[in-house]
Colleague: 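Below you'll find the structure I mean.
Numbers restart at 1 for each chain; the letters A, B, ... are given by sequence-line order, proteins then strands. This one's a predicted model, so the numbers in the text were calculated from it and none came from an experiment.
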Number of protein chains: 2
Amino acid sequence: MIGMTRSPEQENRIFQALADPSRRAIFEALTQGEAAVNDLKARFQISQPAVSQHLASLREAGLVASRRDGRRIYYRIEPQGMEPLIGWIEHYRAFWTERVDRLEQLLNRMDQ
Amino acid sequence: MIGMTRSPEQENRIFQALADPSRRAIFEALTQGEAAVNDLKARFQISQPAVSQHLASLREAGLVASRRDGRRIYYRIEPQGMEPLIGWIEHYRAFWTERVDRLEQLLNRMDQ
DNA sequence: CAATCATATAAGCACCCACTTATATATAAG
DNA sequence: CTTATATATAAGTGGGTGCTTATATGATTG
């Protein structure tokens, strides 16, 4: 994990940003390529300020980035943004592995 | 992915459950082994009902399970509970192939 | 320049949520 | 049976959040 900040605040921002289904829907829409605010506004039944606010939340969480082209601002997914989330999940890897190993041992003993 | 529910409601419950830092802290505490409500109440500076409510939220999200022993109720992590979250991340494998592949291996072991 | 388009920010509001205290339920102990 | 312990549930409350409309900022166009 190179260049990993691992700050609880950033972790919190990510979890909070993804907690809202509208935000997850916007995030998912961006997987098909970058999109301007009005593109997303058209795709979802929501006001323009709401879209901008969701995007601001995602950007502060490091999940998306923006690029201005004329008067449009295109948003795209920031690939590294999910790293803290993946790191958080992997943090429980040892726990899961232990559980699985113990379960395997138990099953082996029952087979004998 | 065997026995995968993949319901948006469950997905939402998981994201919402993990959005709260207190709940994540409780979840993390359970990785060190099962614990009763009072154990967690002692570990964190929080009232007993607050702990019970957090645990209820985690249980409804499928992230923890409980077991009664006398008048104590022990909570433990439900290893399969994270599956929908991992599945959601896998959906973006085009962006994070390597890290997601490692998570996939973990998921496969959990399924066995 | 003025007008228009695209987005951001401000302000307000209704609802949600995490906490509290109070009470109910359930098991154990005397 | 009464009391104590452990947890859950109910009810209330302050702060946060997601939405709206209104306005500001910024870039293009005529």
Colleague: Do Y75(B) and R59(B) have side chains that get closer than 4.5 Å, going by heavy atoms?
Modeller: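 Yes, close enough: below the 4.5 Å cut-off.
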
Colleague: Heavy-atom distance under 4.5 Å between the side chains of V64(A) and E78(A), does that happen here?
Modeller: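 No, their side chains stay 4.5 Å or more apart.
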
Colleague: Starting from P on dA8(D), measure out to CZ on R67(B) and report it in whole angstrom.
Modeller: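 Roughly 14 Å, once rounded to whole Å.
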
Colleague: Let me know, please, whether V51(B) or D69(A) comes out on the 5' side of the other along DNA chain D by nearest nucleotide.
Modeller: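 The residue mapped nearer the 5' terminus is V51(B).
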
Colleague: Hey, is the side chain of Q48(A) pairing donor to acceptor with the base of dA8(C) inside 3.5 Å?
Modeller: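 For Q48(A), whose side chain was compared with the base of dA8(C), there is a donor-acceptor pair (under 3.5 Å).
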
Colleague: Identify whether any heavy atom of R23(A) sits under 4.0 Å from a base atom; if not, whether one sits that close to sugar-phosphate; answer base, sugar-phosphate or nothing.
Modeller: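 Sugar-phosphate, no base atom in range.
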
Colleague: Check every strand shown and say whether Y75(B) touches a base, only sugar-phosphate, or nothing at a heavy-atom separation below 4.0 Å.
Modeller: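 Here Y75(B) touches the backbone only, sparing every base.
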
Colleague: Does dG30(C) have a Watson-Crick or wobble partner in any strand here, with both distances under 3.5 angstrom, and which is it?
Modeller: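 In the structure as shown, dG30(C) has dC1(D) as its Watson-Crick or wobble partner.
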
Colleague: Looking at dT21(C), dA4(D), dC19(D), which one has an atom nearest to any side-chain atom of S47(B)?
Modeller: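 Out of dT21(C), dA4(D), dC19(D), the nucleotide with an atom closest to S47(B)'s side chain is dT21(C).
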
Colleague: Could you check how far CD1 of I26(B) sits from C1' of dT7(D), rounded to whole Å?
Modeller: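 Those two atoms, CD1 and C1', are 14 Å apart.
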
Colleague: From CG of L40(A) over to C1' of dA8(C), roughly how many Å is that when rounded to an integer?
Modeller: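 Rounded to the whole Å, the gap is 15 Å.
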
Colleague: Taking the side chain of Q53(A) as its heavy atoms from C-beta onward, which of dA8(D), dC19(D), dA6(D) lies nearest to it?
Modeller: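 Nearest listed nucleotide: dC19(D).
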
Colleague: Quick one: which of dT9(D), dC19(D), dT27(C) gets closest to the side chain of R71(B)?
Modeller: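 Shortest atom-to-atom distance from the side chain points to dT27(C).
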
Colleague: Which atoms form the tightest heavy-atom contact between L58(A) and A17(A), and what is the distance?
Modeller: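 That would be CD2-CB, 4.2 Å.
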
Colleague: Report the distance from atom CD1 of I73(A) to atom P of dG26(D), rounded to the nearest whole Å.
Modeller: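 Nearest whole value for this atom pair: 11 Å.
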
Colleague: Taking OP1 and OP2 of dA6(D), is either one under 4.0 Å from a side-chain nitrogen or oxygen of R72(B)?
Modeller: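 So the side-chain polar atoms of R72(B) do come within 4.0 Å of the phosphate oxygens OP1 or OP2 of dA6(D), strictly under.
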
Colleague: So which nucleotide from dT5(D), dT29(D), dT20(C) ends up closest to the side chain of P49(B)?
Modeller: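 Ranking dT5(D), dT29(D), dT20(C) by closest atom to the P49(B) side chain puts dT20(C) first.
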
Colleague: For the residue pair V37(A) and S52(A), what are the closest heavy atoms and their distance?
Modeller: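 Residues V37(A) and S52(A), closest heavy atoms: CG1-OG, 3.8 Å.
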
Colleague: Counting heavy atoms from C-beta on, name the nucleotide in dC19(D), dA6(C), dA8(D) closest to the side chain of N38(A).
Modeller: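 Among the listed nucleotides, the one closest to the side chain of N38(A) is dA6(C).
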
Colleague: Between atom CD in E60(A) and atom C1' in dT9(C), what is the gap in whole Å?
Modeller: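 Answer to the nearest Å: 12 Å.
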
Colleague: Is A36(A) touching bases, backbone alone, or none of the nucleic acid, heavy atoms closer than 4.0 Å?
Modeller: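 Answer is sugar-phosphate: A36(A) comes under 4.0 Å of backbone atoms only.
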
Colleague: The side chain of Q16(B) is closest to which nucleotide in this list: dA8(C), dC17(C), dT5(D)?
Modeller: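 Output: dC17(C).
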
Colleague: Rounding to a whole Å, what distance do you find between F44(A):CZ and dT20(D):P?
Modeller: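 F44(A) atom CZ is separated from dT20(D) atom P by 14 Å.
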
Colleague: Rounded off to whole Å, could you give me the CG-to-C1' distance for the L58(A) and dA8(C) pair?
Modeller: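 The answer, rounded to whole Å, is 16 Å.
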
Colleague: Between dG15(D) atom C1' and D20(B) atom CG, what is the distance in whole Å?
Modeller: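 Roughly 13 Å, once rounded to whole Å.
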
Colleague: Give the ring-plane orientation class for F27(A) versus W88(B), where under 30° counts as parallel, over 60° as perpendicular and anything between as tilted.
Modeller: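 F27(A) vs W88(B) ring planes: parallel.
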
Colleague: So, does S22(A) get its side chain near the phosphate of dC19(D), meaning an N or O under 4.0 Å from OP1 or OP2?
Modeller: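 Checking dC19(D) against S22(A), a side-chain N or O does come within under 4.0 Å of OP1 or OP2.
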
Colleague: Could you check whether any side-chain heavy atom of N12(B) comes within less than 4.5 Å of a side-chain heavy atom of R24(A), counting everything from C-beta outward?
Modeller: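 N12(B) reaches R24(A) side chain to side chain.
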
